[in-house]
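One-based numbering, in listed order, for ligands and for the atoms of each. Values reported hereafter were calculated over all heavy atoms of this structure, with side chains retained and with hydrogens, waters and symmetry mates removed.
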Amino acid sequence: MPVKVPVSRGSLTWLQIQVQEYGGGLKLVLSQDITERERADTMRRDFVANVSHEIRTPLTVLNGFIETLGSLPLTEVERKRVIALMAQQADRMQSLVADLLTLAQIEGSPRPASDRWIKASALMQRIESDARGLSRERHPITVFLDPSDQAVEVSGIESEWLSAMGNLVSNAVRYTPAGQPIEVRWQTLADGTGEFSVRDHGAGIDAEHIPRLTERFYRVDGSRSRDTGGTGLGLSIVKHVVQRHGGELKITSEKGKGSVFTLQIPAVRVRKA
Ligand code: ADP
């Protein structure tokens, strides 16, 4: 029977130790570092627990409303209100399922090809109209693409880039009070790296939270996230997408002042058509 032993060496390491008869009265001791496997198992368990929790909460609320509708005589106004609240919970579950499917699809598909080119200007246009649609004129939004970058193209999977960029813009809108500006910008650096950034002047984030923001279901303010239709999966999708394309997500933020989220796209995936 193998035994699992925790060994402390800075961060926790797990060893699996197994003793086997070796013949001639000898014994063989096998030890294996199973830290990674343990970590993956824990992550999988946490993920399932989180998903179940995220689905159960709106389901419980929905069930409550169904019971109310079925058992209480409601006025037309009350009935409409209950139905609107039910729709809100159903939307929440729908967004969660959509984000889960996006994650699963990204994880299950091969590394994005580098010979499919998408116009940066087209991406920016789509993102701008998404941002304006989400903000509904509550925020002054500026989108900046230098005229010299009009012909820039990015390689990879268009739907993934749109999803990553769209998530950043959606967060900026959701975490910025009305009236505060949001800036979306494309820049091609001197070394050819592409940078897509979204700057907001919203709530900002304490430094201690920043390293954890891209964890699945990690939220700084759970109720604000949920009230604005957040799933807690947005930034993990963004990080995944950009890493698959060989790039990086950079976050700088100051509590109370606002944040800048930047997708750094490696020069090999950026060209001037
Ligand atoms: P959510 O769906 O909760 O927004 P995300 O993965 O997109 O999930 O973001 C994780 C958390 O990071 C959010 O819950 C929020 O606390 C914080 N966050 C993300 N973007 C911003 C932003 N632009 N300003 C302030 N906080 C942000």
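- Atoms of ligand 1 found under 4.0 Å from any heavy atom of R174 (numbered from 1 in listed order, with element): 1 (P), 2 (O), 4 (O).
- Short contacts between ligand 1 and S259, defined as distances under 4.0 Å to a heavy atom of the residue, involve ligand atoms 24 (N).
- Atoms of ligand 1 found under 4.0 Å from any heavy atom of D200, numbered from 1 in the order shown, are 22 (C), 23 (N), 24 (N).
- V97 meets the side chain to side chain contact (heavy atoms under 4.5 Å, CB included) test with L101; sequence neighbours excluded.
- With respect to R224 and D227, no salt bridge is recorded, no charged nitrogen being found less than 4.0 Å from a carboxylate O.
- Looking at ligand 1, you won't find any N or O of G204 less than 3.5 Å from one of its N or O atoms.
- Looking at A203 next to ligand 1, no N or O pair under 3.5 Å apart turns up.
- The backbone N or O of I157 sits less than 3.5 Å from a side-chain atom of H245, completing a donor-acceptor pair.
- Using a 4.0 Å cut-off to heavy atoms of L213, the atoms of ligand 1 that qualify are 10 (C), 12 (O).
- Atoms of ligand 1 lying under 4.0 Å from at least one heavy atom of G230, given by number and element, are 2 (O).
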Quiz prompt | side chain to side chain donor-acceptor pair (under 3.5 Å) assessment of W186 paired with T188 | solution = CA-CA 7 Å; W186 174 276; T188 313; 2.9 Å; yes

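- Enclosure of atom CD in E107 by more than 12 non-hydrogen atoms of other residues, nucleotides or ligands within 6.0 angstrom is indicated.
- Pairs passing the salt bridge (charged side-chain N to carboxylate O under 4.0 Å, His left out) check and including a residue from residues 150-160, sequence neighbours excluded, read E153-R271, E160-R244.
- Numbered from 1 in the order shown, with element, the atoms of ligand 1 that lie under 4.0 Å from a heavy atom of R219 read 3 (O), 14 (O).
- For atom 9 (O) of ligand 1, the nearest protein heavy atom (residue, atom name, distance) is L235 CD1, 3.6 Å.
- Between N171 and ligand 1, an N or O atom pair is found at a separation short of 3.5 Å.
- Close contacts of ligand 1 with V220, meaning ligand atoms under 4.0 Å from a residue heavy atom, involve 14 (O), 16 (O).
- Residue I205 has no nitrogen or oxygen atom sitting less than 3.5 Å from a nitrogen or oxygen atom of ligand 1, judged on distance alone.
- Remark: of the listed residues Q94, R226, Q89, Q89 is the sole one forming a side-chain contact (heavy atoms from CB on, under 4.5 Å) with P58.
- Donor-acceptor pairing under 3.5 Å is lacking for the side chains of S52 and N50.
- The protein non-hydrogen atom at the shortest distance from atom 3 (O) of ligand 1 is S225 OG, 2.5 Å.
- In this structure, the side chain of D200 engages the main chain of S259 through a donor-acceptor pair within 3.5 Å.
- Around atom 10 (C) of ligand 1, the closest heavy atom drawn from F217, Y218, Y175 belongs to Y218.
- Between G232 and ligand 1, at least one N/O pair is under 3.5 Å apart.
- Here the side chain of W161 pairs a donor or acceptor atom with the backbone of S155 at under 3.5 angstrom.
- Shown in contact with D221 at under 4.0 Å from a heavy atom are these atoms of ligand 1, numbered in order with element: 16 (O).
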